[in-house]
Amino acid sequence: MKAKHLITTTMLATLMMGGSMSPLYAQETATITATCADNFTAAAYLPAELDSFITLNAAGMLELTKKAGLPEEEIPAELAAIESVALGLPAGWEHLYEAYGQIAGLLYQAIVEEGIKTVWADMADAAIAPILRQGVTKAGNPVFSIVETVNNISQPAYAVLRVKPGQEQLLSNISVKLTHGISHLEVIATPGCEPYRANGWSGVSINIAAIVEHEPIPAEYKEAVKQIKPFYCVYRVEGNALIFALCDDTAKLKVCTGVEESVLSTPKAAFMQNMEPHQALVAGSTAPALLNSTNSIPLVTLNAAIAPIRDALNRIAEECPQMQAEMKSGAASLQQIVTELSKLMPASNCPLTLKAWHDGDLHLSIEGDVYGDSFTTATVNTAGKEEAAVYLYGSTFNTHNLPNLDTTVNCVFDVVNTYAYTLPADAQSEVLMQLGSARMVYAMLPGMLAPVKKMVDSLGNGWCVTMGRAESEGSTEPYVGMSINVADRDGLASGWKGTVNTIAGVVGMVAPEDANLIQDAIAEVEEKQLSPTATMYGHNQSPAAVVLSDSELIIGSDFRYAGKIAAQPRTESISGIKMGFRLAPFLQFNCPPQRTCDEAGVQALVYKACCEQILSIVTGGTLYLTVEDGKMKLNVDITTPGLR
């Protein structure tokens, strides 16, 4: 049963992920749609003009859960009747995410404004306090902006549920319940909600203005909310499918009469073509606009949240000329912080697509845009990975869109400096003194971190982590090791010595009595020459070891195994990150002693039975992430012998 829930949860979680259309697949869509329609029958009812969609082969998922050990008698009849489901979103739905960010920003605004009017104002100088207590200026009602955003959604969204042949009774049952609910609305005359029946569609028309008319909402907000245009929530039955739609005009609704009219016939679904002859489970494509809008939520929220502070500073600058320079500088620095953070959220220009299938093993593939970043190809030392329960190896990832650290930090200093000038004299002096200390420490950081930077710069592309048991060396303890390529051995050694001296110097300033402890510990490190170019370093009281050669740095928790890895050549060339796991040795790490006549013995037997159940379904898997020319592809493969 545990395994059943594990598999079901894992697969359902993929519905929350996206995946990308490769230009390679933008051909022969007639063939593609024929095969896709067999697995994703519900998606054939989604109109071609939809921008984003996701679809689930419910029948295939159900078969997997049965193979994982779910008894058929535990499967609800309604679930067993479903063949596939699908959700489709039109262009414009990204505005909902923008509205969400604005709403979150408004909540933060309320908190910040309250702080300005109370805590900050009470602490402030007498000349500034009245200005802060008056609150901040606003350009109109921000709720109107949210309403306008929501009203920009003009095309319908669809959700489809298709049942297996012979299971139409489920649709009839759902329709009866929906009809009963709509009739109930007519009886109780719900304000703003009216039944709708026309052109084969049934449902409800919703008028927000009528709903909020008599609600206890502040007048300025009520007036804004009342501007939301009426919309419809409707449904209809078409053959074996139940179609739901959300729209502002039912005349825009469309029912596909064949696969050739659906989203499956468009290039948006072309990435699905090579899912056959496998049993396809999940597929989806998220439009760039929707991705970008989702990514921008934190920025929209932050921008809205700092608005009252920025407005308050500008207000002080206008009414207190003697403080104008400090206040204007603080307001500009706040905005600059947002500008720098915006570099973390570049725009995507291609879809994110997802597909999952089962061919005896489980597979997940996601493709998308990574905004120009790439991995560099590196040859890594993967020695020991066959003995390891878990292994991980990859190469350096280039990031071009990070904020400017100096600009961001100095902006923060400016904002704190501005805040200090609004405080009474005693508090102002204390804050300015602390700020001066912070600036001094920050100015010292480049020099203090120079040895660390030298170490990092001396490392090359390519690294590998192994975790497991070095059983071939006679060890029964878990082993952890890391192999990192080295570009400059002398620079690495020099950087390490400089780092040790820097740490000792800092410790000497803070705790002079401990200043020599670090140097003494380093002096006790033993050296062992493994080869003309490789040296092993270890402490006489620890089994851990470090091996340094002209081309490689190895850090291991077992000196024998570290030496074995150092003796192996770097053999695998990759461009990305790989990760793999094998459950059998991993589970053995936590296996209790197998005694049979006490509580520990019972625990061992139970644990062994659970492990055997898990391993009968899942034995291991791999993950491989590649990034090339700004395009990302993630492949996850889970070995599932129990699901074959």
Side-chain angles (χ1 to χ4, degrees), residues 3-22 24-25 35-36 39-40 54-57 60-61 63-65 67-69 271-285 352-368 370 375 377 380 382 384-395 464-468 571-587 611 613-628 631-644:
K4 167 195 69 178
H5 293 301
L6 172 66
I7 296 297
T8 304
T9 303
T10 301
M11 294 309 301
L12 288 179
T14 62
L15 286 171
M16 303 302 297
M17 305 174 70
S20 154
M21 181 178 69
S22 169
L24 179 64
Y25 301 149
T35 55
C36 289
N39 286 309
F40 302 112
I54 189 163
T55 179
L56 167 70
N57 178 1
M61 297 285 281
E63 287 303 312
L64 280 184
T65 59
K67 291 179 179 179
F271 72 95
M272 298 163 63
Q273 78 162 358
N274 63 348
M275 296 184 73
E276 291 294 339
H278 309 305
Q279 182 183 14
L281 300 174
V282 182
S285 175
L352 184 70
T353 63
L354 156 79
K355 53 189 177 184
W357 67 96
H358 177 248
D359 61 356
D361 294 327
L362 293 177
H363 306 275
L364 172 69
S365 178
I366 299 174
E367 296 185 34
V370 286
F375 280 118
T377 301
V380 295
T382 59
K385 79 173 186 183
E386 295 305 323
E387 296 178 85
V390 179
Y391 58 91
L392 172 72
Y393 45 102
S395 59
C464 177
V465 177
T466 55
M467 302 172 63
T571 56
E572 186 158 1
S573 182
I574 65 169
S575 178
I577 292 178
K578 278 188 176 181
M579 184 173 70
F581 70 96
R582 287 193 299 280
L583 279 180
F586 183 75
L587 293 173
C611 291
Q613 176 65 19
I614 294 172
L615 291 173
S616 70
I617 301 171
V618 179
T619 57
T622 60
L623 176 151
Y624 191 13
L625 173 66
T626 59
V627 176
E628 187 174 356
K631 304 302 179 193
M632 174 272 291
K633 185 171 184 179
L634 172 66
N635 287 321
V636 180
D637 303 302
I638 308 297
T639 306
T640 54
L643 302 183
R644 290 173 184 166

Rounded distance (nearest 0.5 Å) linking atom NZ of K633 with atom CD of E367: 4.5 Å
Atom of G60, atom of L281 and distance for their closest heavy-atom approach: C-CD2, 3.8 Å
I617 versus A68, closest heavy-atom pair with distance: CD1-O, 3.5 Å
Modelled atom types, side-chain donor and acceptor of N635 and S365, under 3.5 Å: yes
Considering all heavy atoms, the nearest G394-V380 contact: O-CG1, 3.9 Å
Heavy-atom check, side chain of I574 versus side chain of T377, under 4.5 Å: no
CA sep, side-chain torsions, deciding dist, call: Y624, L634, side chain to side chain contact (heavy atoms under 4.5 Å, CB included): CA-CA 6 Å; Y624 191 13; L634 172 66; over 6 Å; no
Check against side chain to side chain contact (heavy atoms under 4.5 Å, CB included), T619 and R582: CA-CA 6 Å; T619 57; R582 287 193 299 280; over 6 Å; no
Side chain to side chain contact (heavy atoms under 4.5 Å, CB included) evaluation trace for I577 with F375: CA-CA 9 Å; I577 292 178; F375 280 118; 3.9 Å; yes
Residue list, side chain to side chain contact (heavy atoms under 4.5 Å, CB included) with S616, at least two apart or on another chain: Q613
Partner residues of E572 under the salt bridge (Lys or Arg N to Asp or Glu O under 4.0 Å) criterion, sequence neighbours left out: K385, K578
Side chain to side chain contact (heavy atoms under 4.5 Å, CB included) partners of D637, counting only residues at least two apart: H363, T622
Check against side chain to side chain contact (heavy atoms under 4.5 Å, CB included), T626 and S575: CA-CA 6 Å; T626 59; S575 178; 5.6 Å; no
Beyond-backbone contact of L643 with H358, side-chain heavy atoms, under 4.5 angstrom: yes
Those residues that, when tested against A283, pass side chain to side chain contact (heavy atoms under 4.5 Å, CB included) (two or more places apart): F40, T55, F271, M272, M275
Rounded distance [0.5 Å steps], CD1 in I366 versus CG in L364: 4.5 Å
N57 and V282, any side-chain heavy atoms less than 4.5 Å apart: no
Under the side chain to side chain contact (heavy atoms under 4.5 Å, CB included) test, residues paired with I638 that sit two or more places apart: L362, F581, V618, V636, T640
